[in-house]
Structures are given as C-alpha cells and as structure tokens.
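Numbers for residues simply follow the sequence, beginning at 1. Values below: every heavy atom of this structure, side chains too, minus hydrogens, waters and symmetry copies.
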Amino acid sequence: MENSATIIKDHEDWTDRISDWKLIKRQENNEHYIKVSLKTGGYQYWSLERCRIRPVRKIKIGEDEQVFLKQEIKEGIESIVVYGEKYAIVIFKNSKRSYIYHLKDVKKVILGNKRFKNYTDYFRYVAEEKDKTPNDIPPLKRQFKTLNIRVDSALYAYFEKKSKSLGDARNIIFPFGLNLSQIQAVESAFSSQFSVIEGPPGTGKTQTILNLIANIIIKGQTAAVISNNNAAVSNVKEKLEKAGFSFLMASLGNKENQKQFFNQLPQVPGDINDWSIEPEKESELLHNIIEDTALIKDLFQLQNRQAILKQQIKDLKTERVYFKEHMRTQERLEPKLLPFYRFDNTKILNFMADEVMNNEKRMTFFKKMKYLLYYGLYNFKLMGDSLQKQKILTELQYKFYNQKIMELENELEQVNKTLRTKNFEEINKRIQEHSVLYFKSKIHQTQKRDFFVHFDQKNYKRSSNFNIFKRRFPIVLSTAFSLMDSIPSGYLFDYLIIDEASQLELVPGILALSCAKKVIIVGDTKQLPHIPDQKISSGMMGIEPCFDYAKHSMLHSILEVFKENIPVTLLKEHYRCHPMIIKFCNERYYNGELIPLTKTDDNSEPSIVLIKTAKGNHMRIFGNGSRYNIREIESLQEETIRDLTFSNDYQDIGFIAPYNGQINAANEYMEKEIIKNTVHKFQGRECDGIIFSTVLDKKARKIDIEFVDDSALINVAVSRAKKRFVLVSNVDIFKKSNKEISELIRYMEYYTESSLYHESNVISVFDLLYKEFSEVLLKRERKLKDSDSKFKSERIIASLLRDIFDEDKYKKFNFQRDYLLKDLLRKTSHLSPEEQKFIQTSAHCDFLIHYKMGNEPAGVIEVDGAAYHNKSNREQSRRDSLKDSILRKSGIPLLRLKTIESGEYNKVKEFLNSILTNG
C-alpha cells in the first residue's frame, strides 16, 4: 500500500487488506472520510472519526515560517494535521473550515521578514513617501504589506549579502547569435545566484537576454523579465516576436497589460510538431554546438584583434599627420649606417631610451661601440653633436610611424587570412542554426500537449491553474512595479532578469527580488541613472549605504552589496556606432575596453562634426525655468553646415538636447521628419544621425553647467548616433568648465578636418609613439640598481600618477615619461635664441600630463633629485631655469617635486585641480 500507512477501523487493523486509500470530504455534511480500495475488489467509505491512520503528526508553524498550499502562500492557518505521510487536513482560523491537500502540495518555508525587519521598515517608509506623489504605478506600500522574504529567494540572499555558486553553466546554446563577451556573460549568469552583465551602448545586451531566456527554457525553468518601464521590456518582446517565439511569453504587469494579453492569448504555432527531433539527433546537435562553441572562442579572439588592429592603424595614421605637420618646423637628417644595418622600431625606441638615460654627454668608448655594433652608426663626430643627433632622432621618429603602420597592416592581413582559412563565418552561422533546431525541439517537448484550461485575467493565478500557466508561458514580462501583482503570493521564478537596471529604483527592485530564486542584472553604470525622489532623505533609519534608496539604483546597489563576490561581465563587442563615434565613449568612459565591430565604408562622410556657434547671448529661459537657444537651431540651417548635419542617405535623424525648452523650440523651427527629444528620453534609442544641442551660453549658472556637463548624459548623447554625431555648442563656456563637453570638443578637434583644428603654440601629444617608448624605458630602468636615485624616484612618481589617474575625477588625464621638448612646441618664435637652441638638444620633461581626448598637453611635472638639482650644480640650474621659462611662455603649467621633500600625493592633486579649474 502506498506510503506504508497503517489504517485501523473500529479497533481492527485493515492495513493488509487495502491496496490504496485517499482522504475525501463530503460537502453535504462537511465531514472527512477515507475511501479505501480493497485487494479483493471494490471500495468502501469510512468516516475518519471511526478510523485511525498512522503515522499522524501536526505541522507546527513558527513565527518566521509560512505555509505554501499548491505553491501559493496561505495566511491565517490554524492547524495542519498529516495522515499517513500522504494527506494533510488544513484548518483556517477565521472560517474554521477544513481542506484536504496532498502532502506534496503542502510546503513550509522559512521567512526572513523578522531577521531583516530594519531593511523592510526602511523600504516600507520609502514606499509610503513615493505613494504620496501622484503617478500611474501600483501603490508600493500595499505590496510591502504582503512581502514575504523566503529563505530561498534572491531577496534573502541580497539582504544577507551572500550569493550561492551554481553549476548550471553546461550545455549552453546560442539561437540568437553570439560573440566572445556574450558567451562569457551567459556562462557566468548560470554559475552564480547573482550575476551582472554590463551592457554599454550597442553591445547586444538584448541579444544576450534572448540567449539567456532560451537556455532557461531548455532547462525547464521559468523567468521574469522586468525593467523600470514597459518600453525597455517591449524591446525583448519585439525581438522574441520577430524570431517566432512570442507564444512562450506572457506580457503581464499592470491590469491594462494583463487585459490586453488575455484578450488575445498567443497561439502555439501550427507547425510545432515539425520541430520534433529524435533523441539521438538532438544529442548530436547539442554535442556539435558545444564543440563549435569551444572552437569559435579562439576565432572570436582573432576577430576582436582584427577590429583593434584597424583602430590602431587609423589612430597611428592620424597621429602621423600631426607629426608630419610638426616636422615642417624641425630639421631632419638621415642617419648614415654601415651596410646591412637598418633602424627597425625596436632600435628606434632603444635609441630614444639611450639618449634619455645617458647622463654623460661626451662620446665614451663604450658609447661609440654601441653606436657602431648595435645601431651601425659610424660617424662619431656627427653623433657627438647634440643638435645633429636631434635631427636624426626626428627622422627616426617619423620612420617609426611608417614602420609601425606597416607592421600592423601585415598582422591584420594575417588575421584576415586565418579567419578565412578557419571558416569563422561558417562556424558562427552553424552554431546559431543548430541552436535554433535544438531550442525548437525542447520547446516541442513541453508545448506539444494541448492545454485545455481556459486562462483569463481572473483565474490564471489560481494554484490549480498556475502550474499549467507557467508551463505554457515560462517567460513573464512585466515592470518591476507590477511583478508581485502578476503572480500568486509567494511564488518564486527560477530566474529574474532585470534590464536597464541602472534606471530601476531600489523599492520596486526589492519587491521583484522577492519573486525569484536567482537574478541576472543587465545594465550600464556609465549611462543615465534613475532620478530618486529628492524629498526622501538618504541615510535614514541607520540603513547601510549599499541599501540607500537615494544613492543607488538597483544595479549600483547589487554591485556595492556583493562587490567582487559575483561575476560581472562587460559586453565588449560594439555594433551600433561608427568606430570614430564610439571611440570617444570607449576611451572616456569604458577604459578602452570596447571593441568596435560596426561595418563602415572607409570612404564614408565625416562621422563627427563640431559646429561652434557665434559668441553672444543666445540662451533664453521659459517661465518654467527650461532653457532654449534658437541660435544653435538656426546655425544648423546654414548652407555650408546643412550638408554635414542632414543626409538623404540616413533613415532617421534625431535632435537631442538637455532641456524640454530646446525640444519645443526645435519642433517649431525644424522639419517634422526629425525626431526630437531630450537626452534622458532618448536613452535606449538610436538614429543614423544625431544632433546634440548643448543650449547654454555664458549666462549659464554653475548648476546649469553641472546638469548639462554630466558624464552619463554625454555618454548617452554621443552613443545614440550610428553614422554621424553633430555637436552644436558654445565651445568657450564648456572649455572653461573643463569637464565632459570640453573632453568631447578636444576629441572632435583632434579627429576632424583641419578647418576645425585649433591653432596654438602647443601641439597635441604624440601619444602612441611615446607609449611604446615608455615601455622600453621602464624595462631598461628595472635593470638599474636601486641605488640609482634619479630613476627610482621617477618610477615612484609614475606609480603615484597611475593611482591618481584611476580616480574618476582625474580619469581624463594620462602621462608620458621623458617627453622631448622639441615634440611639445609647434612654434618657437616666442622664445629667446638660447631657449630655441635648448629645445633642439635632448631636453625633455620628466612627466608630460595630457588629456586623453585629443592628446592636448595639460601640464608638466619635474622630479628634482637632490644629487642633480642643487645650487652647486650651476649647469643643471641653468637648464632648469630655461625649461621653466620655456614652459611659462608657452602657457604650460609646471610642478616641481623635490626628492628631499614629502607630500607628493597632495601636491600632484592640487596641481591637477588647478588645471581643471583654470582649463
């Protein structure tokens, strides 16, 4: 007999005579009976009062426990009695009515409500405050009243700050396409209870979410996909619909969305039976997918290297143009070499390092031997002349560019050949096709049965129906605000996927975390965050900073709570913007980690255009405080500019600005076909062409500049453009503020045509040449003894600068070691004859600080070692005075650090702060 229960009726043991039994309740008298099936045949009904079923036990419900009846939490339970480990009779307090359940449908769970009461009290307070503001979202306070923190929920793990490791990163498929970062992101998502996918603009985060959904479905699990608003979630919905899998998702959320969904339920495709694959074939498909995915990882590395090489070649060619222009002011001399000797790039960099590190200016025997045997230089008289040697160095530096470009072009050709030979495109296509076939086969296995339950808005959440509903629709789409109202109380999805998590507030995010076991966070910390209610003060009720509503979005809070204890994957491959557009965002906000894979025409029109408006008071203010600037709009209509901003080849053009006032003005003055909106509302959208109007002029207040000149706002504005980005701005005001837009202007001036280039005595830094030189110099210095105080002190300062430049405030800066003064100044007519002659020697700066964007010099730091820089060393004092004078006359700030003093960290920061303040 099932469960081996003992059944006694009227003091007589009937156990051996019964083949099966069940508990039932007769409605007419509200009494419980046992229906027994006899081994001899037939069945009988016995009143439970006349019988004893063993074992029998009571389920006690603790203060921190709740009971699930058919996967739905039930409140107000008075008692639960279990009979024969098969059935349970549940009695409720208010009605005193009893109900019979299979024991498998009765589950007691531990809750963390009491343990985390201080957190829930805080978020309930925030919810109450938010409910006071009129809005169209469900009341949050009401949802907190029914909040249950199950011990197996993601919310419990979040408050506990512990994420479990998982072993689900096996048998991964990619029916929606793949690249190297997406493979890593999907595998990481199934390896941890919490995982984060950082998705910068145009890196395919929606495609990654679709692959996550596919893998969740083939595992027979469920997921909720949520965001701050319906627009973000609908992007996932549209892509699933386009792929033909919309019948797997339920678009729930608020009551209106639910009504729309149930009025027109998605239908299972008529050809779903054709999706079936024999088990052997299915196993073979999965095996092939796994093998091909392992193989293609190396090829994706090559594809990424291909993109990096293309960008490096383009950057070197740009820098070569500037160096070639610089060479017009420099004398050059071709070095005379012994037969069969040549200066490759390694020798050029070593020669530069030798000249920096050689303190003895005279021609020693060892120096002559190195010139002769290593470099092939035999004219010692010529090499002993400092001025002649600098002419040779200028020629060698130009050779460096030509040779480096040729070297990279040869490597690129080899990479292209390997990708063709290894059939990269074919393998990529095969993985996707096989994944689709396997995915469809798994769907057929769960969806081939007809579900006869008629779902409607009222009945789908009933426990008897919801089990079928979630098999029919394993993916639920909703906003974070409405997810709890879309499912039975206490139900947990296997996965919660939060899209655009940087814009999701903590309160609705907390509610959503209570509805799932595992969480995948998708967002971008570098884009516009949510705007918290300013009336709700931060740091209230002793809440920890990582849970502070006013300081953190859902994404930022998760990163702060778990720190390095959860996988964080950056999607690196970028497909949206022209490489020269995304290059700014990449270098400025993503530490150069993005890989541009956008296919472009090398002969295409300019991708970045800077329009400097005429000086004047053009900004106006509406009565509501919003700003507008008609001059910036009118400047776009000028005949010489119009072709650079409006193109017939573009499918769409967007006009964006920080203020609604400027958008209203644009609606009046610009063509209707142009899409117009604020930057905040344009996040998540894209256009072939984007025009960004900054609006402000010199009347702008500090608070106005801080609002417009914001890193997240500029990142979003630039990355909306696919083919061309146009900045129309009063350049002077933003150069003076020296923040984000000044960086953008520097970048655009550096990479646009010479007609827009800003002439000055100081030239842009030859960053790529000196980066490689610095690496050679560092290797050489490491071979020196620690007693060599000069280079040891400079290595210390270099390390200090790297640490400082890692801070957000100073990330716009970079530095180069031992930078030649002759490579810093375009013109020397403003200098004295002695100073001009000094520049043509090997005179250099210890540290040249420059802006990353546009490589514009920002300042110089000199490290004055006590052994060299003292009053008794008259020659060094003379050189220092000349250098000080040259830098002062050229408008380049200077900081001298003495090795016998201290406080370098603060001195460098003060120096950098003065540069930022004074521009």
task: For N410 and Q414, test the side chains for any donor-to-acceptor distance below 3.5 angstrom and give the result as yes or no.
output: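 Result is no, nothing qualifies.
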message: Under a 3.5 Å cutoff, is there a donor and acceptor pairing between the side chains of D354 and Y371?
response: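 Their side chains do not contain a donor-acceptor pair, so the 3.5 Å distance test is not met.
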message: Run the salt bridge (Lys or Arg N to Asp or Glu O under 4.0 Å) test against R332 and tell me which residues pass, sequence neighbours left out.
response: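 For R332 the salt bridge (Lys or Arg N to Asp or Glu O under 4.0 Å) partners, ignoring immediate neighbours, are E395.
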message: Could you work out, with salt bridge (Lys or Arg N to Asp or Glu O under 4.0 Å) as the rule, every residue matching K336, not counting sequence neighbours?
response: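 Checked K336 against salt bridge (Lys or Arg N to Asp or Glu O under 4.0 Å); zero matches.
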Do [X] and [Y] touch side chain to side chain, with heavy atoms closer than 4.5 Å?
| X | Y | value |
| --- | --- | --- |
| N738 | R746 | yes |
| V708 | E740 | no |
| T828 | E835 | no |
| L382 | I392 | yes |
| F847 | R817 | yes |
| K723 | H578 | no |
| R588 | Y747 | no |
| S711 | K526 | no |

- prompt: How far does OG1 of T613 sit from CG of L636, to the nearest 0.5 angstrom?
  reply: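 Rounded to the nearest 0.5 Å, the OG1-CG separation comes to 10.0 Å.
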Please determine whether a side-chain nitrogen of the Lys or Arg among [X] and [Y] lies less than 4.0 Å from a carboxylate oxygen of the Asp or Glu.
| X | Y | answer |
| --- | --- | --- |
| E409 | K317 | yes |
| D697 | R631 | no |
| K404 | E319 | no |

message: Check for me whether K324 meets the cation-pi criterion with Y398, that is, NZ or CZ under 6.0 Å from the six-membered ring centre and within 45 degrees of the ring axis.
response: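 No.
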query: For F323, what residues pass the ring pair (Phe, Tyr, Trp, His ring centres under 6.0 Å) criterion, not counting sequence neighbours?
result: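 Counting only residues at least two positions away or on another chain, F323 forms a ring pair (Phe, Tyr, Trp, His ring centres under 6.0 Å) with H326, Y401, F766.
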- prompt: Can you check whether F343 and Y375 have ring centres sitting under 6.0 Å from each other?
  reply: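 Under 6.0 Å, so yes.
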message: Test salt bridge (charged side-chain N to carboxylate O under 4.0 Å, His left out) on E856 and K735; report intermediate values, then the result.
response: CA-CA 12 Å; E856 184 180 318; K735 278 199 168 183; 5.1 Å; no
message: As a quick check of understanding, evaluate side-chain contact (heavy atoms from CB on, under 4.5 Å) for Q306 and N416, giving each step before the final call.
response: CA-CA 7 Å; Q306 179 189 55; N416 292 339; 2.5 Å; yes
